[in-house]
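Here's the structure, in structure tokens; my notes come after.
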Amino acid sequence: MTLVDPALLRQTADLAIQHLATLESRPVGARRNVSELSVALAGSLPEAGVAPEQVIDDLARDLDDGLVASPGPRYFGFVTGGALPAALAADWLAAAWDQNGFNAVTSPAAAAVEAVAVEWLRTLLGLPADASVGLTTGAQMANVTALAAARHAVLGRVGWDVGERGLIGAPPVRVLAGAEAHVTVGQALRLLGLGSGTVVEVEADGQGRMRADVLARALAGGEGPAIVCAQAGNVDSGAFDSLVDVIAAARTHGAWVHVDGAFGLWAAASPTLAPLVAGAEGADSWATDAHKWLNVPYDCGVVAVVDATVHRAAMAMHAAYLVRAGEDERSNSDWVPEASRRARGMAVYAALRSLGRTGVTALVERCCALARRMAAALEREPAIAVLNDVVLNQVLVRVGDDAATDATVAAVQRDGTCWLAGTRWQGRAAMRISISNWATTEADIDRSAEAIRAAARAAAGRPPNEAGQP
Ligand SMILES: Cc1ncc(COP(=O)(O)O)c(C=O)c1O
């Protein structure tokens with residue numbers, strides 16, 4: 001065995017390139033399910049090893065039908081970004097370099113690139129100059145990290161060191177969140193021992209925005225340490241809590257404010273859209289994703305905390321053997337729950353450097369314009385109703401009743417022109433369309449809208465080519 005096998009790496013690059021070249025033309029959904037794919041992969045663990053080039057060839061062949069063209073331009077499921085060319089290439093390098101992103105001793109390179117990348121993120125997202133920033137696996141762990149800092153801070157203010165003493169016997173912490181808060185906020189609270197069932201659920205309006213007046217009353221009705229979980233960008237409607245009002249209410253009662261802005265926080269990168277996140281800089285912590293709207297390959301989330309001391313106290317670990325490069329050198333692990341991890345700052349740096357500030361603005365604004373175009377195209381079909389105000393990149397639609405909506409989702413997925421998934425919005429079936437990919441064009445939207453309209457017509461029992469054609 002040699003340390004470097006150029007033929008294998010070139011063969012792998014060729015396979016990757018061939019796959020990327022099919023993204024625009026292959027059916028967007030997978031063609032085989034897990035059990036079918038497992039048949040090709042399974043068998044008992046080989047007694048003797050198989051040549052690496054054979055392993056890679058077989059892997060690429062056996063998994064091809066199970067690949068989802070989610071980095072492609074017509075994947076509108078969940079909230080899913082693609083992979084910008086520079087970000088993908090930097091990630092390849094990061095894998096080849098195989099740096100442990102733990103701290104500046106395990107890899108000065110990983111620490112340096114992350115230091116620059118997080119500074120650029122902080123600036124782009126309009127966060128306070130001294131906020132500390134870490135790169136997590138995703139917004140889920142960014143929410144965990146931020147809420148761990150929140151828990152540390154609010155209990156610290158009443159003289160309880162939660163890091164040292166834990167939660168048993170601690171003063172109760174009140175957590176308030178909008179009724180439409182993302183499920184990962186509840187998951188974070190569960191993991192942190194705060195519980196998701198004890199959250200004071202604050203009524204949301206028809207778009208999913210937490211009502212700040214109801215929040216103010218709820219805060220006034222109790223006392224003690226409190227954390228308010230606000231949202232910038234509802235996963236279904238894209239709606240934003242009024243952060244100015246939410247933060248004002250929280251401040252009156254000394255509560256910590258966390259903003260879950262997994263994709264919505266990126267509105268700050270556009271002067272046109274920034275009013276949606278007005279006031280966000282006044283919060284105490286923020287969670288967002290780079291693998292959504294920044295279009296870096298999975299995985300990368302971003303957490304920021306206004307008070308670096310609290311952030312570090314909640315996350316940093318110390319052991320004699322975990323030597324540090326020095327107090328001024330960034331230790332990536334001080335800001336996230338993980339210890340050893342991949343150097344995910346490489347892809348973030350490459351994405352931001354290749355786009356520049358204007359490129360990020362254009363990416364965010366383009367996706368929002370395409371979402372409006374999609375909504376307008378779908379609204380021309382009598383069977384389809386757009387349920388949300390399309391303020392960002394999310395379009396939420398319904399076709400007749402629940403059954404017709406679910407049938408439309410299934411038909412669109414089968415058709416393969418584009419991919420989207422269903423949800424339940426305020427108790428009724430809906431389908432979600434999220435435009436988050438750097439490569440999506442107007443032609444992709446028009447083609448996809450036509451496929452969705454045809455599926456909706458069939459599901460609603462309307463004849464083809466009925467009114468509603470552009
Ligand atoms: C508002 C919000 N928060 C958190 C998340 C979780 O993000 P991730 O899956 O990257 O952890 C999402 C995912 O869509 C989201 O929309």
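Here, residue 1 is the first one in the sequence, and each next residue gets the next number. Keep in mind that the numbers below use all heavy atoms, side chains included, and drop hydrogens, waters and symmetry copies. Just follow the structure's listing: the first ligand is 1, and inside any ligand the first atom is 1.
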Just need the protein heavy atom nearest to atom 3 (N) of ligand 1, so name the residue and atom and give the distance.
Asp260 OD2, 2.7 Å
Using the ring of each side chain (for Trp, its six-membered ring), is Trp120 parallel, tilted or perpendicular to Tyr349, with breaks at 30° and 60°?
parallel
What is the nearest protein non-hydrogen atom to atom 4 (C) of ligand 1, stated with its residue, atom name and distance?
Thr184 OG1, 3.1 Å
Can any side-chain N or O of Gln231 pair as donor or acceptor with the backbone N or O of His182 at less than 3.5 Å?
yes
Tell me yes or no: between the side chains of Glu365 and Ser270, is some donor less than 3.5 Å from an acceptor?
yes
Gln231-ligand 1 polar pair, N/O distance under 3.5 Å:
no
Within the structure provided, determine whether Leu155 and Leu167 are in side-chain contact (heavy-atom separation under 4.5 Å).
yes
Would you call Arg373-Asp444 a salt bridge at under 4.0 Å N-O?
no
Within less than 4.0 angstrom of ligand 1, does His291 place any heavy atom?
yes
Is ligand 1 less than 4.0 angstrom away from at least one heavy atom of Phe263?
yes
Location of contacts on His182 toward ligand 1, heavy atoms closer than 4.0 Å
side chain
Carboxylate-amine/guanidinium contact Arg344 Asp299, below 4.0 Å
yes
Should the pair Glu450-Arg447 be classified as a salt bridge under the 4.0 Å nitrogen-to-oxygen rule?
no
Quick check on contacts: which atoms of ligand 1 are under 4.0 angstrom from a heavy atom of Gly233?
1 (C)
For ligand 1, is there an N or O atom under 3.5 Å from any N or O atom of Asn143?
no
Enclosure of Arg353 CZ (heavy-atom neighbours >12, cutoff 6.0 Å):
no
Arg424 with Asp406: basic N within carboxylate O range, under 4.0 Å:
yes
Please could you name the atoms of ligand 1 that Gly138 approaches to less than 4.0 Å, counting only its heavy atoms?
10 (O), 11 (O)
Purely on distance, is any nitrogen or oxygen of Val79 under 3.5 Å from one on ligand 1?
no
Under a heavy-atom criterion of less than 4.0 Å, does Gly301 contact ligand 1?
no
Atom 8 (P) of ligand 1 [closest protein heavy-atom partner, distance rounded to 0.1 Å]
Lys292 NZ, 3.4 Å
Sequence neighbours excluded, every pair satisfying ring-ring contact (aromatic ring centres under 6.0 Å, His included) that has a member inside residues 418-441:
Tyr75-Trp419, Phe78-Trp419
In terms of atom number and element, which parts of ligand 1 are under 4.0 angstrom from non-hydrogen atoms of Val235?
14 (O), 16 (O)
Tell me, which protein residue and heavy-atom name are nearest atom 11 (O) of ligand 1, and how many Å apart are they?
Gln140 N, 2.7 Å
I need the atoms of ligand 1 closer than 4.0 Å to a non-hydrogen atom of Asp289, numbered in the order shown.
7 (O), 8 (P), 10 (O)
